[in-house]
Participant: 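Here it is: the structure, laid out below.
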Amino acid sequence: MPEQEAAAQHGAPAREVGDFLRRRRERIARRWADAGLFRTVFGVSRSAHDDAAVETGRAVVDALASVAAEGRVADPDADGFAAVRDQLARTAAARSRAGLTAGQVSLEVDALRAPADELLVADLSGRPDTFVRECATALAVLMGTLRLVVTETELRARQEIVERQRPELMEASTPVVRLWRGVVAVPLVGTLDGARSQVVTEALLDAVVQQRARFAIIDITGVPTVDSLVAQHLLRTAEAARLLGAECVISGIRPAIAQTIVRLGVDLGSVTTRATLSDALGHALRRLGADVVAPGGTESP
Amino acid sequence: METAGGASACLPIRSDLDLVWVRQHARQAAAQLGFGLVAQTKLVTAISELARNTLVHGGGGQVECTPVSRAGVRGLRLTFRDEGPGIADLDRALRDGHTRGGGLGMGLSGARRLVHEFEIDSCPGTGTTVTVTSWVTGPPRPREEP
Ligand SMILES: Nc1ncnc2c1ncn2[C@@H]1O[C@H](COP(=O)(O)OP(=O)(O)OP(=O)(O)O)[C@@H](O)[C@H]1O
Ligand SMILES: [Mg+2]
């Protein structure tokens with residue numbers, strides 16, 4: 001049991017550190033408010049910033065005090081940390097928004113140790129040297145654990161953001177729009193690996209059916225790479241649209257991509273292509289117009 | 001033979017998301033070396049094909065991406081490695097339109113056309129290694145090394 005070992009190792013000093021943190025709560029919190037970790041976190045005004053930073057500092061000191069009192073200085077799962085996890089997550093998130101890597105944030109947490117250590121040593125002056133050293137060690141271990149907790153919290157938060165964005169990206173990037181009666185279009189943005197290509201196809205084909213579209217335009221201006229899988233996907237979508245009675249037009253093939261497709265050897269010849277989305281719309285409108293005008297023309301007296 | 005200017009990177013190829021990273025990394029590395037837009041696009045497209053083969057046919061693996069230079073010309077070299085089933089008939093796999101799955105079968109042959117140098121080493125049962133190199137200003141003439 002690592003926790004129990006830690007408790008045994010740091011027993012009395014850990015409790016001393018806990019008492020010290022309680023006693024010096026205010027001073028520690030104020031020293032920490034100036035530390036890098038809390039720099040960009042709060043508010044616009046200097047005083048609002050200070051208040052909020054000191055407030056967070058107090059909460060962290062309280063948490064550390066209770067972890068130390070439990071004798072669990074080396075245990076990142078100690079109950080005491082639970083109370084400040086959210087605050088730590090917000091603080092770390094603010095730092096990463098300010099451009100810091102997880103590693104840099106971790107170093108900022110580490111920088112909280114020195115001011116606390118100074119206060120501790122000053123506070124214990126007159127006590128036996130060995131005891132002071134043991135207390136300093138217990139504090140160092142405790143601060144290391146805090147560092148671990150922040151890193152864990154932050155990594156988990158980043159992971160959650162990625163997970164949350166995945167389906168959102170999928171849907172947000174496939175808005176099928178009706179450009180004209182009988183003309184639907186989908187601008188593709190980003191990559192078309194795996195699940196996304198399926199979502200795009202389905203959304204476009206649904207729109208073809210629902211709007212009884214005669215033309216389905218896929219604009220690939222925002223697609224950075226057209227490899228054989230993407231090309232195959234485009235060909236299949238075109239084929240499916242054709243079965244539903246719509247002509248598929250691919251627009252936005254940039255010159256570099258056109259040259260690459262040709263060299264790759266993929267034949268998009270069976271699909272109508274146009275340089276831009278408006279060219280594609282123009283193509284569709286001319287065809288639709290021709291169908292409307294031609295009969296009208298012959299029937300006019 | 002060649003000296004590298006810049007750091008090489010080793011990236012895993014284990015998921016669709018990894019393919020995105022590999023492409024992004026390669027595009028950035030190529031841009032930094034001075035590849036033009038068309039050259040970048042060709043190289044990244046080849047890389048996309050090879051990385052997907054590593055994932056789909058090779059069962060996953062990794063790619064090493066290294067800046068190189070020869071006779072004063074800078075380039076980017078990528079080595080794709082997997083320990084999958086390997087390719088029994090290389091000539092056939094390299095032919096246009098040959099596919100084991102439902103693909104177009106243009107991956108290997110197309111990738112070979114999109115890069116300046118292409119080497120493939122594969123044994124059934126021990127996996128596949130594909131190495132490609134492209135040069136910023138076209139392939140340097142051999143025997144010009146200082
Ligand atoms: N890393 C690999 N490991 C094992 N087999 C491979 C590997 N790479 C390619 N192959 C074999 O070579 C064949 C041709 O590959 P290629 O990339 O040209 O076509 P594909 O992947 O089947 O289809 P496409 O890439 O056009 O979607 C594959 O079907 C596969 O059998
Ligand atoms: Mg392939």
Participant: For Arg113(A) and Gly144(A), indicate whether the former's side chain and the latter's backbone hold a donor-acceptor pair under 3.5 Å.
Facilitator: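 A pair under 3.5 Å: no.
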Participant: Counting only N and O atoms by type, is there a donor-acceptor contact under 3.5 Å from the side chain of Thr101(A) to the main-chain atoms of Gln104(A)?
Facilitator: yes
Participant: Any donor and acceptor pair, going by atom type alone, linking the side chain of Arg242(A) with main-chain N or O of Glu247(A) inside 3.5 Å?
Facilitator: no
Participant: Below 4.0 angstrom, N of the basic side chain to O of the carboxylate: do Glu152(A) and Arg147(A) qualify?
Facilitator: no
Participant: Side chain from CB out, backbone as N, CA, C, O: work out which of these in Arg27(B) comes under 4.5 Å of a heavy atom of chain A, or both, or neither.
Facilitator: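 For Arg27(B), the side chain is the part near chain A, not the backbone.
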Participant: If only atom types and distance count, is the side chain of Ser122(B) paired as donor or acceptor with the main-chain N or O of Ile87(B) below 3.5 Å?
Facilitator: yes
Participant: Under a 3.5 Å distance rule, please check whether Glu49(B) uses its side chain to pair with a backbone N or O of Gly110(B) as donor and acceptor.
Facilitator: no
Participant: State whether the side chain of Asp18(B) and the backbone N or O of Ser15(B) hold a donor-acceptor pair below 3.5 Å, judged by distance alone.
Facilitator: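 Checked: pair present.
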Participant: Counting only heavy atoms closer than 4.5 Å, note whether Ala39(B) contacts chain A via side chain, backbone, both or neither.
Facilitator: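 Neither the backbone nor the side chain of Ala39(B) comes within 4.5 Å of chain A.
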Participant: Can you check whether anything in residues 263-272 of chain A gets within less than 4.5 Å of chain B, heavy-atom wise, and list it by number?
Facilitator: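 Residues in range: Arg263(A), Leu264(A), Gly265(A), Val266(A).
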